[in-house]
Amino acid sequence: MARIEANCSQCGGVEFEDGFIEDNGQGSQGHARWISGPLQRGPFGGAFRFGAPRWIVDAIRCTHCNHLELYADDRS
């Protein structure tokens with residue numbers, strides 16, 4: 001994960017711990033992804049995402065107030 005230079009949007013803190021949001025659902029790759037565009041449901045109720053750009057979701061945690069900041073960092 002590329003180091004993100006930021007201030008916490010809640011408390012203004014500047015020290016963060018790197019991390020990620022885990023996805024351990026059936027067929028997952030172990031990390032969450034952000035998908036561009038509005039949510040569209042497929043015929044069985046799941047998200048229809050064929051051909052949509054996908055980005056890995058990275059997270060940083062403010063070490064002062066524990067607020068999480070999420071970033072779509074690398075395209076998956």
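Residues passing the side-chain hydrogen bond (donor to acceptor under 3.5 Å, both in side chains) test with His64: none are found, sequence neighbours excluded. With sequence neighbours left out, Glu69 forms a side-chain hydrogen bond (donor to acceptor under 3.5 Å, both in side chains) with Ser9, His67.
Separating the CD atom in Glu17 from the CG atom in Leu68 is a distance of 10.0 Å, to the nearest 0.5 Å. Atom CG of Asn66 and atom CD of Gln10 lie 11.5 Å apart (nearest 0.5 Å).
Pairing each heavy atom of Gly13 with each of Cys62, the nearest pair is CA-SG, 4.4 Å. The shortest heavy-atom contact between Cys8 and Phe16 is N-CZ, 3.3 Å.
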